[in-house]
Amino acid sequence: MEITQSTLPNPTSAAAAARPEISSDFETFLKMLTVQMQNQDPLNPVDSSDYAVQLATFSGVEQQVQTNDLLRSLVAGMGGSDMAQLAGWIGKEALAPAPAHFSGQPISVTPQVDPFADDAVLVIRNANGAEVDRRSVGVNEAAIQWDGIDADNRTVDGGTYSFDTISYADGQIIGSNSALTYVPVTEIRQGDGAMQIVLSGTTPVSVDQISGLRSPL
């Protein structure tokens, strides 16, 4: 159970690196401006307002760079805060569209039926993707308890099982959605610009895919 923070940006390092770069660019700009003034045509000198525009333009760019550094620092700080808050989820069980591990105890499964469906079935598959059972669920079905019994009325082996809700309307399939199960949270990480929840035995999911949280039963 590890909280990974390696991908978070380091605002202090970024700002420190940006400051010398800005300072160097400004010194180069002043040298160029001085050379321009020294080598201008004395019969057709550059208007002083043009110099003012150039200075103002560079100043605006410098301010924009500093503003961007500040925004990056704020975003990084918010990310760290979110990670600290989500760290409390480790060890709990999250309700998410993910496979669940069967070890002899019933698994709570919440079907995700299409709102336009008039019928739905829950399809259970093993880790190899082979169907082991399917059962009818009402369109308004709440959570059900899958007891690990397959289509041949035998108890399945322990392992990871996935649950898909197939929705029908007038006998035609109109949708397929992963059902929700409770899966242990093992890790919180920052990835792809958003916080990710790593669930036991599954790929990471985003925070907005979590529908519920509970202590292990």
Side-chain angles (χ1 to χ4, degrees), residues 1-14 71-114 120 122-135 137 141-150 155-167 175-217:
M1 299 180 181
E2 175 186 358
I3 300 176
T4 304
Q5 215 166 353
S6 58
T7 56
L8 283 175
N10 187 329
T12 303
S13 298
L71 287 175
R72 275 192 288 268
S73 299
L74 291 174
V75 170
M78 291 172 63
S81 176
D82 289 343
M83 181 171 285
Q85 293 177 6
L86 293 174
W89 291 20
I90 295 178
K92 296 185 180 297
E93 295 180 336
L95 183 62
H101 185 80
F102 177 72
S103 58
Q105 299 298 318
I107 296 176
S108 178
V109 182
T110 303
Q112 296 294 286
V113 182
D114 189 284
L122 183 67
V123 178
I124 299 98
R125 296 184 175 88
N126 61 22
N128 296 321
E131 182 177 319
V132 299
D133 191 22
R134 66 169 54 208
R135 57 185 63 184
V137 293
E141 187 77 56
I144 63 173
Q145 299 297 312
W146 183 61
D147 51 10
I149 303 300
D150 65 13
T155 301
V156 300
D157 296 330
T160 300
Y161 292 84
S162 60
F163 305 85
D164 294 311
T165 310
I166 311 298
S167 299
S176 176
N177 299 300
S178 297
L180 305 179
T181 60
Y182 278 100
V183 186
V185 177
T186 61
E187 181 184 347
I188 308 297
R189 68 170 63 154
Q190 175 83 12
D192 296 330
M195 302 303 298
Q196 293 182 333
I197 312 299
V198 181
L199 304 177
S200 177
T202 73
T203 57
V205 300
S206 60
V207 175
D208 57 10
Q209 289 180 281
I210 304 299
S211 303
L213 198 68
R214 73 181 185 186
S215 297
L217 299 179

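Heads up: numbering here begins at 1 and tracks the sequence. Side-chain atoms are counted along with the backbone in the values below, which use heavy atoms only and exclude waters and symmetry mates.
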Dump the intermediate steps for side chain to side chain contact (heavy atoms under 4.5 Å, CB included) on Ile149 and Asp133, then the final yes or no. CA-CA 8 Å; Ile149 303 300; Asp133 191 22; 5.8 Å; no
Distance, nearest 0.5 Å, that separates [atom1] of [X] from [atom2] of [Y]:
X	Y	atom1	atom2	value
Asp114	Ile166	CG	CD1	11.5 Å
Arg125	Ser162	CZ	OG	6.0 Å
Gln105	Asp147	CD	CG	11.0 Å

Can you check whether [X] reaches [Y] side chain to side chain, under 4.5 Å on heavy atoms?
X	Y	result
Val198	Arg189	yes
Val156	Asn126	no
Pro97	Gln209	yes
Leu213	Leu95	no
Ile188	Met195	yes
Thr186	Ile90	no
Leu122	Val109	yes
Leu180	Gln112	yes

Closest contact, heavy atoms only, [X] versus [Y]:
X	Y	answer
Ile210	Val205	CD1-CG2, 3.8 Å
Thr110	Ala143	OG1-CB, 3.6 Å
Leu199	Ala96	CD1-CB, 3.8 Å
Val183	Ser200	CG1-O, 3.5 Å
Arg135	Gln145	NH1-O, 4.3 Å
Gln196	Pro204	OE1-CB, 3.9 Å

Is Glu131 atom CD crowded by more than 12 heavy atoms from other residues, nucleotides or ligands, each under 6.0 Å away?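 Correct, the count exceeds 12.
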Tell me which one of Phe102, Tyr182, Trp146 satisfies ring pair (Phe, Tyr, Trp, His ring centres under 6.0 Å) with Phe163.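 The option that passes is Trp146.
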Is there a donor-acceptor contact under 3.5 Å from the side chain of [X] to the main chain of [Y]?
X	Y	value
Thr160	Ala100	no
Asn177	Thr165	no
Asn128	Ala130	no
Ser178	Asp164	no

